[in-house]
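Keep in mind that what you see is a predicted model, and the values were worked out from it rather than measured. Throughout, protein chains are lettered first and strands after them, A, B, ... in sequence-line order, and every chain is numbered starting at 1.
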Protein chains: 2
Amino acid sequence: MIRVLVADDQELVRGGLAALLSLEDDIEVVAEVGRGDQVEAAVAEHRPDVILLDIEMPGMSGLTVAERLRGQRVVIVTTFGRPGYLGRALAAGVAGFVVKDAPVAELTAAVRRVMAGETVIDPKLAVSALTVGPSPLTQREAEVLRTASGGATVADIARHLFLTEGTVRNYLSSAIGKTGARNRAEAVRVAESRGWL
Amino acid sequence: MIRVLVADDQELVRGGLAALLSLEDDIEVVAEVGRGDQVEAAVAEHRPDVILLDIEMPGMSGLTVAERLRGQRVVIVTTFGRPGYLGRALAAGVAGFVVKDAPVAELTAAVRRVMAGETVIDPKLAVSALTVGPSPLTQREAEVLRTASGGATVADIARHLFLTEGTVRNYLSSAIGKTGARNRAEAVRVAESRGWL
DNA sequence: ACGCGGACATGACAAACGTCATCGCAGGTA
DNA sequence: TACCTGCGATGACGTTTGTCATGTCCGCGT
């Protein structure tokens, strides 16, 4: 039996995944958690063979959890096939990456192959990640964009990051250029959709 | 047996919900579809007793589908508990509204109660919907905001909606005022988070 | 030691944005 | 009929952006 832990914040989705996996003869769901910051404790307690992690979770991002679980067999199961996520996930040493609109068979296959020591990446995602490439944004640019994404003004961002307004404008301008956008809002959308934030 | 149709665009989620419901002795999943515009045909073919609809789907919004299925027993199962969604769902005559982070038992209970002719609404959501109230935005204001949400400039919006730039600015200004925001981006966030778009 | 690039800053300017006052026109409603 | 509301428009205004030129400082690789 492959012992699996499922981490996802939405109960229905988490329960659904668990039910789905439990239908398989060789897979057993030994634990379910709904918050990123509860994963480590659950892993210590239940010692699963494979850990399924959603990225968007309260408490701690699935990517952060994956970094801290380096050495364990982690499979990221997420809604958004953002190329940037894949890069960060691989850097965190995950063994698999599956998007939620993949066929069910792909998930069970991923669990088994990861269990066998293989690395499983959604092919479509791999292509788009290689096409889009890594984030061209510097840390600062990403930081400023992230702060701007809630609709904050330049002055707000400057206060929040302890920068001058002029500097903030420069970073925004540079980020707008790099994303190929025509203004702040568009830059935010682009960067978000690619997982650069 | 309660015959159920499940509509959700994410295969893993859809399969998960189906697996979850199939575990119940009195529930049978007779069809699954992944696009809003395929629901009607599937309903005609399989004649389910209860129809589970996600809101965000390609092809056609679950809310639109619900309107066209008026008379059928429809349960909205969605990620976002946006108050505005609940209002529109009820206006569309749905029999139930469940958010995806509700406990699993709530979903099966909802299916059974809807089958029995009851109307089931997530209590937390009902409260927030009554607290937040209906959208204060006029159709035009919502339209302009929606168009602006992708990062479009005033000129873009004006061209797209066949309005004058000045008029667009007026609508935006009015929407910003009504949402209590301090600029366009913030207004978009607020309106989106409440389901007013 | 040198050059390079990233982080940070300043100041200036044009374009875009947000606000206001004001207007005309339709459709309901008192 | 008179009134109100929503839609559409105009013009004017001050503010906020986005861009650019320019400069300093620091860390890194050769």
From [atom1] of [X] over to [atom2] of [N], roughly how many Å is that when rounded to an integer?
{"X": "L161(B)", "N": "dA9(D)", "atom1": "CG", "atom2": "C1'", "result": "15 Å"}
{"X": "E143(B)", "N": "dG8(D)", "atom1": "CD", "atom2": "C1'", "result": "13 Å"}
{"X": "I176(B)", "N": "dT16(D)", "atom1": "CD1", "atom2": "P", "result": "13 Å"}
{"X": "Y171(A)", "N": "dC20(D)", "atom1": "OH", "atom2": "P", "result": "18 Å"}
{"X": "D156(A)", "N": "dT16(D)", "atom1": "CG", "atom2": "P", "result": "11 Å"}
{"X": "E141(B)", "N": "dG6(D)", "atom1": "CD", "atom2": "C1'", "result": "9 Å"}
{"X": "I157(B)", "N": "dG8(D)", "atom1": "CD1", "atom2": "C1'", "result": "16 Å"}
{"X": "R184(B)", "N": "dT15(D)", "atom1": "CZ", "atom2": "P", "result": "19 Å"}

Are [X] and [Y] close enough for a salt bridge, meaning some N to O gap below 4.0 Å?
{"X": "R182(A)", "Y": "D156(B)", "value": "yes"}
{"X": "E67(A)", "Y": "R88(A)", "value": "no"}
{"X": "R35(B)", "Y": "D37(B)", "value": "yes"}
{"X": "R140(A)", "Y": "E143(A)", "value": "yes"}
{"X": "R14(A)", "Y": "D9(A)", "value": "no"}
{"X": "K100(B)", "Y": "E11(A)", "value": "no"}
{"X": "D49(B)", "Y": "R73(B)", "value": "no"}

>> Classify R169(B) by what it touches in the nucleic acid, base, sugar-phosphate, or nothing, heavy-atom distance under 4.0 Å.
In response: base

> Which part of the nucleic acid, if any, lies within reach of T167(A) when heavy atoms closer than 4.0 Å are counted: base, sugar-phosphate only, or nothing?
Replying inline: base

> Is the distance from OP1 or OP2 of dC20(D) to the nearest side-chain N or O of S173(A) less than 4.0 Å?
Replying inline: no

>> Need two values: the first and the last nucleotide of DNA chain C, 5' to 3', having an atom under 4.0 Å from any heavy-atom of chain A.
In response: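 That gives a stretch of dA7(C) to dT10(C).
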
> With nearest nucleotides of DNA chain D determined for N170(B) and T138(B) from heavy-atom distances, which residue corresponds to the more 5′ nucleotide?
Replying inline: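 Counting from the 5' end, the first nearest nucleotide belongs to T138(B).
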
> When the nearest nucleotide of DNA chain D is assigned to L163(B) and to T153(A) on a heavy-atom basis, which residue is associated with the more 5' position?
Replying inline: L163(B)

> Is there a donor on the side chain of N183(B) or the base of dT15(D) sitting less than 3.5 Å from an acceptor on the other?
Replying inline: no

